[in-house]
Amino acid sequence: MSATQYDHRNPRIVIIGAGMAGILTAIKLREAGYTNYAIYEKTDRVGGTWRENTYPGIACDVPSHLYTYSFEPNPDWTQTFATGPEICAYFQRVADKYGVTAQVHFNETIPYCEFKDGRWQIRTSTGREDVADVVIAATGVLHHPNVADIPGLESFQGVSFHSARWDHSVPLADKRVGVIGTGSTAIQITTAIADKVKRFDLYQRTAQWVMPIENKIFTEEERAAFRDDPVALAQFKAEALDYFKHFSNAVIDADSQEMAELEAACLANLEDHVKDPVLREKLRPNYRAGCKRLIFSPNFYQALQSPNAHVITDEIAAVEPTGTRLKTGELRELDVLVVATGFRADSFIRPTTVLGRGGVNLDDVWSESPTAYLSISIPEFPNFFMLNGPNGPVGNFSLISIAESQVSYILTLLEEIRGGRCREISANAEVSASFEVERVAAAKKSIWSTGCKSWYLDKNGVPASWPWSRDKFFEVMADPKLEAFDRV
Ligand code: NAP
């Protein structure tokens with residue numbers, strides 16, 4: 001039992017998850033003088049999504065210099081869009097440097113949290129019990145694989161796995177490989193392996209808008225210059241941010257000049273780089289750019305034009321023991337079938353049972369769709385906070401700066417407890433409800449609502465995202481409104 005007596009000057013805080021946001025939270029809590037905290041991590045290593053996803057071609061599609069903690073710039077990124085292993089190593093290095101790794105309880109899932117007698121009663125998968133005053137869920141967004149509901153999938157006699165569960169023991173060079181899906185994941189896999197396998201099938205239900213990007217390799221001299229001159233590194237980051245903001249603003253204004261430019265650049269990419277007119281039409285999207293998460297890729301179209309690559313747009317009727325049976329009747333024999341069909345993005349901390357005040361179950365509160373005030377706090381769930389929780393910014397932003405602003409907001413709320421002004425704090429129900437009404441109204445006017453399917457949409461078809469500008473998000477987060485919270 002790790003329980004300690006209640007001490008408002010140093011409350012007990014439990015962080016769930018040791019990915020990007022959990023590491024960040026521990027560092028910031030320590031910096032703010034909190035010492036009585038514990039981090040529980042379900043696996044045996046830090047790194048979150050970058051530890052889980054190891055598929056070939058994995059990389060970040062946000063420029064690396066923006067995908068870093070503000071307090072830990074990295075002069076050593078080797079390219080504009082760093083690879084997954086490089087990013088994972090960065091998080092592990094930062095976690096080690098700040099002493100976080102040594103503080104993590106590894107291999108401990110938290111299936112149960114209950115707010116009882118004014119404190120959070122927590123049970124872990126190994127039977128450990130903890131009693132905390134504050135819980136911070138840093139459990140990630142794209143976390144629970146969504147396996148396509150295709151008949152016969154389990155009957156396949158070759159090797160099949162979800163993209164987030166890549167089986168590296170399977171050599172691919174002499175295999176007929178099929179990839180289902182055309183999201184960011186499938187596109188990175190395609191560019192990595194299409195020309196390296198015996199035959200490659202990409203099963204495309206929906207064509208993508210693909211923005212050509214340059215993936216600059218930083219030479220040793222350039223990296224040394226960044227190491228020697230932190231001002232130059234900061235300036236480089238600021239310039240990258242300015243450039244990227246261009247795209248970020250486009251997605252919240254479908255009629256903007258930025259969006260028109262972006263669509264034009266994607267269309268030119270298609271026209272210029274896909275020579276075969278039949279393939280070009282297969283790859284032409286029939287919805288607005290930015291409606292789904294925009295794909296950034298320097299070479300997706302090139303990879304698809306390898307002689308052994310095929311874009312299959314006929315629907316899969318069923319998976320059979322030897323391959324995919326298309327609705328046309330054709331059987332495409334396969335040795336390996338990769339299911340790159342995304343994640344259940346509305347799970348957040350679930351399947352953990354979270355019971356708030358009076359036993360109210362988070363599952364019931366979220367039965368329609370997950371909501372939270374400013375994506376961090378839920379009425380009747382006192383001292384329970386989320387990072388990258390429901391309806392936060394999506395749209396090709398760096399989730400790191402978003403999490404940093406959320407942690408800073410939460411630290412302001414915790415000051416109310418530490419200052420002895422309250423013991424429990426959670427979003428006010430009326431404020432939350434009216435925030436949600438405004439959010440939904442704005443979301444329905446966003447580019448994500450212009451007629452496509454995507455993981456951004458909740459089950460009612462409403463984009464589950466921050467629907468205003470990126471700048472507005474940071475303004476709101478920089479100015480916490482205590483009056484929006486019930487303090488007991
Ligand atoms: P995703 O964007 O949700 O894409 C899933 C794909 O599977 C879609 O093409 C979808 O088709 C297809 N699909 C789903 N069910 C299907 C079915 N029953 N039959 C046929 N096709 C089906 O998933 P993801 O590619 O894993 O990416 C998820 C998110 O992860 C990204 O948007 C991004 O935020 C993040 N990510 C980021 C990076 C990065 O570089 N930063 C890399 C990878 C992933 P439809 O389009 O027709 O629905």
Side-chain angles (χ1 to χ4, degrees), residues 20 48-50 52-64 66-67 79-88 140-153 161-166 178-192 201-211 213 215 244 247 251 283 285-287 290-298 300 311-319 324 326-327 337-347 388 392-400 402 448 451-457 461 463-465:
M20 173 277 286
T49 193
W50 298 104
E52 304 257 297
N53 284 274
T54 61
Y55 58 80
I58 183 165
C60 189
D61 61 5
V62 172
S64 316
L66 300 183
Y67 199 76
Q79 48 194 313
T80 307
F81 299 97
T83 65
E86 191 175 348
I87 296 167
C88 199
V141 192
L142 300 163
H143 181 54
H144 300 285
N146 169 46
V147 178
D149 188 15
I150 298 175
L153 198 51
F161 44 79
H162 186 271
S163 55
R165 302 283 181 268
W166 197 273
V179 172
I180 304 177
T182 49
S184 308
T185 302
I187 275 152
Q188 291 182 342
I189 295 170
T190 301
T191 56
D201 279 1
L202 181 68
Y203 295 91
Q204 171 187 286
R205 192 164 69 177
T206 310
Q208 284 282 12
W209 288 89
V210 182
M211 183 75 191
I213 42 155
N215 189 14
F244 224 66
F247 299 118
V251 295
L283 294 171
N286 60 359
Y287 56 92
C291 184
K292 288 170 177 290
R293 184 182 170 97
L294 196 67
I295 303 294
F296 290 83
S297 175
F300 172 59
V311 178
I312 313 294
T313 51
D314 295 316
E315 204 178 321
I316 301 172
V319 176
T324 50
L326 305 182
K327 287 231 162 130
L337 181 58
V338 179
V339 184
T341 48
F343 298 86
R344 286 182 278 122
D346 64 352
S347 294
N388 289 312
V394 283
N396 296 87
F397 299 112
S398 163
L399 289 185
I400 300 185
I402 291 162
W448 308 301
C452 69
K453 260 190 277 170
S454 80
W455 67 265
Y456 293 168
L457 303 180
S465 178

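Since the structure is predicted, the reported quantities are computational estimates derived from the model, not experimental observations. Ligands are counted one by one from 1 in listed order, and the atoms in each one are counted from 1 as well.
Side-chain contact between Ile295 and Phe300 is absent, with no heavy-atom pair separated by less than 4.5 Å.
When the side-chain hydrogen bond (donor to acceptor under 3.5 Å, both in side chains) test is applied to Trp209, no partner is found at least two apart in sequence or on another chain. Scored by the side-chain hydrogen bond (donor to acceptor under 3.5 Å, both in side chains) test, His143 finds Lys42 as partners (sequence neighbours excluded). With sequence neighbours excluded, no residue forms a disulfide bond (SG atoms under 2.5 Å apart) with Cys60.
Checked by atom type and distance alone, the side chain of Ser465 never pairs as donor or acceptor with a backbone atom of Pro393 at under 3.5 Å.
The aromatic ring centres of His162 and Phe343 sit less than 6.0 Å apart.
Enumerated by chain and number, the residues approaching ligand 1 to less than 4.0 Å through a heavy atom are Tyr55, Ala59, Cys60, Asp61, Leu142, Ala148, Ile150, Ile180, Gly181, Thr182, Gly183, Ser184, Thr185, Gln188, Arg205, Thr206, Lys292, Arg293, Ala340, Thr341, Gly342, Phe343, Trp455.
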